[in-house]
Amino acid sequence: QALLVVVMTVPRTLVDIGPFIALLGGITGLGLLAKNQQLTAMRSAGLSVCALGRVMLLAGAMAAVISAAVDQWIAAPLQQQALLIKARAQVDPAEGKNTLWARRNNQFVTLRYPDAAGEPFDIEIFIYNPDFTLNRYCYARTATPEKNGFWTLHQVTRKQWRQGQETLSSLEQTAWQPILPAARLPDLIQPPDSFSVQQLWHYIGYLQSSGQPDNQYRISLWKKAGQPVLMVAMLLLAVPFTLNAPRASAGGRLAVGVITGLLTYISYQVVLSLGLLLSFNPLLTALLLPLSLLLLALILLRRFDRHHQ
């Protein structure tokens, strides 16, 4: 199972380090052309730096589309399945490590997932009055999600308070309309980075409708747009890296590329974490660094084009 989990998370790792791979790939490819004098021959034939940049831009756009498709339809579902396998293998269900909270208006719900049958258990429902005093409390030992959208709660204990009087009742089972979003329950215990675009969009809508903070999920959503932009920027940066030292050794260029790629990756993670910590605008948090690097790459290309005319 450990090997299976590792294999299933490989697509997510490749997507995350895609910009880094793009930079190294661009430097290696252009470096080989420069070493064999093919780049010089193309320049002598009239290929401008801007034209070379357009070729790299097209290649970056194609790589970005492929990366986004892999993220959406391969990496996200495989990572979620891998995390679920890992959680079931490492965590004793009785310990309740997979605890989920949900809220809608004055109703709060907490539950643990999964039990031995793969269903939620230890469901607690709190319903408050407008003055935030507890009105009703319900506990169910287990629950079975039904196809009609309702849950069947089993071994139910109810408490209600009216005019200072407590009423206690027990039921073998009862129907309950969950306040959780319309998604598979296992998906809701996954980290935001493992969500697909549709899952993020629906969950953000649920959080907004229930008045809960959604900054973390909005940053993850916009990050999915920032990653392809960052990949294009890295490929474009490979052009000035190569033209700046066309006779440099392949090892030297790769060393510079590795350092640049690592610094970019670390900087992006720091920016995302700071944006979440300080509640910055999610759009700016996720796109500021990729767009800044893209602008820098375009400026460097323009400068090299003027210099080599």
Side-chain angles (χ1 to χ4, degrees), residues 1 4-5 8 12 69 71-128 135-160 169-212 214 216-217 220-221 224:
Q1 279 190 335
L4 178 62
V5 168
M8 294 174 72
R12 168 58 60 203
D71 184 12
Q72 175 72 12
W73 289 295
I74 299 177
L78 284 181
Q79 183 186 10
Q80 292 175 16
Q81 189 63 32
L83 292 175
L84 189 59
I85 293 173
K86 182 179 178 181
R88 286 177 173 172
Q90 291 184 342
V91 178
D92 182 359
E95 296 179 1
K97 293 293 182 65
N98 294 326
T99 302
L100 180 65
W101 283 86
R103 170 197 167 194
R104 174 160 290 171
N105 300 323
N106 290 339
Q107 185 175 174
F108 295 78
V109 176
T110 178
L111 57 87
R112 291 190 287 176
Y113 180 89
D115 64 2
E119 296 181 343
F121 68 105
D122 282 354
I123 301 96
E124 294 184 279
I125 305 169
F126 305 84
I127 301 177
Y128 289 86
N135 179 280
R136 279 176 288 169
Y137 168 79
C138 178
Y139 170 82
R141 183 68 188 90
T142 60
T144 303
E146 306 293 348
K147 294 182 180 181
N148 60 4
F150 283 77
W151 286 11
T152 300
L153 304 180
H154 306 281
Q155 301 177 36
V156 181
T157 301
R158 287 177 171 177
K159 291 183 180 181
Q160 187 168 4
S169 61
S170 298
L171 296 170
E172 189 62 30
Q173 67 180 38
T174 186
W176 175 63
Q177 185 173 9
I179 65 173
L180 299 169
R184 292 194 320 119
L185 191 58
D187 296 342
L188 302 181
I189 61 174
Q190 305 287 357
D193 285 344
S194 70
F195 280 26
S196 66
V197 173
Q198 287 91 339
Q199 288 174 319
L200 284 169
W201 183 263
H202 292 151
Y203 197 61
I204 290 171
Y206 159 72
L207 293 175
Q208 290 178 340
S209 66
S210 58
Q212 300 181 67
D214 61 352
Q216 182 180 9
Y217 293 89
S220 295
L221 178 62
K224 292 185 180 296

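Scope of the values below: all heavy atoms of this structure, side chains included, with no hydrogens, waters or symmetry mates. Computed from a predicted model, the values in this text were never measured in an experiment.
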- Note on the structure: Looking only at heavy atoms, the pair that brings Pro192 and Gln216 closest together is CG-NE2, 3.5 Å
- Query: If every non-hydrogen atom of Val5 is compared with every non-hydrogen atom of Ala82, which pair is closest and at what distance?
  - Reply: CG2-O, 3.7 Å
Any heavy-atom pair between the side chains of [Y] and [X] that's under 4.5 Å?
X      : Y      : value
Pro178 : Pro145 : no
Ser209 : Arg104 : yes
Met8   : Leu83  : no
Gln173 : Thr144 : no
Arg12  : Leu78  : no

- Item | Partner of Ser220 under side chain to side chain contact (heavy atoms under 4.5 Å, CB included), chosen from Val197, Leu200, Ile204 | Leu200
- Task: Take atom CD of Gln212 as the centre, draw a 6.0 Å sphere, and report whether it contains more than 12 heavy atoms from other residues, nucleotides or ligands.
- Result: yes
- Message: Can you confirm whether more than 12 heavy atoms, excluding those of Glu172, are under 6.0 Å from its CD atom?
- Response: no
Nearest 0.5 Å, please: how far is [atom2] in [Y] from [atom1] in [X]?
X      : Y      : atom1 : atom2 : value
Thr110 : Leu100 : OG1   : CG    : 7.5 Å
Leu4   : Lys86  : CG    : NZ    : 13.0 Å
Gln155 : Phe121 : CD    : CZ    : 13.0 Å
Tyr139 : Ile123 : OH    : CD1   : 7.5 Å
Glu119 : Thr142 : CD    : OG1   : 6.5 Å
Asp71  : Asp193 : CG    : CG    : 9.0 Å

- For Tyr203, ring-ring contact (aromatic ring centres under 6.0 Å, His included) partners two or more places apart: Tyr206, Tyr217
- Candidate pair Asn106 and Asn135, rule side chain to side chain contact (heavy atoms under 4.5 Å, CB included), full reasoning: CA-CA 10 Å; Asn106 290 339; Asn135 179 280; over 6 Å; no
- Query: Which of these passes side-chain hydrogen bond (donor to acceptor under 3.5 Å, both in side chains) with Tyr137: Arg158, Lys159, Glu124?
  - Reply: Glu124
- Message: Using the rule given for side chain to side chain contact (heavy atoms under 4.5 Å, CB included), can you reason through Ile125 versus Arg136, listing the C-alpha separation, both sets of side-chain angles and the distance that settles it, and then say yes or no?
- Response: CA-CA 8 Å; Ile125 305 169; Arg136 279 176 288 169; over 6 Å; no
- Under 30°, 30 to 60°, or over 60°: which ring-plane class applies to Trp151 and Trp176, parallel, tilted or perpendicular? perpendicular
- Item | side-chain hydrogen bond (donor to acceptor under 3.5 Å, both in side chains) against Gln198, all qualifying residues, sequence neighbours excluded | Gln72
- Task: Show your reasoning for whether side chain to side chain contact (heavy atoms under 4.5 Å, CB included) applies to Phe195 and Leu221.
- Result: CA-CA 9 Å; Phe195 280 26; Leu221 178 62; over 6 Å; no
- Message: Testing the 3.5 Å rule here: is there a donor-acceptor pair between the side chains of Gln80 and Gln199?
- Response: yes
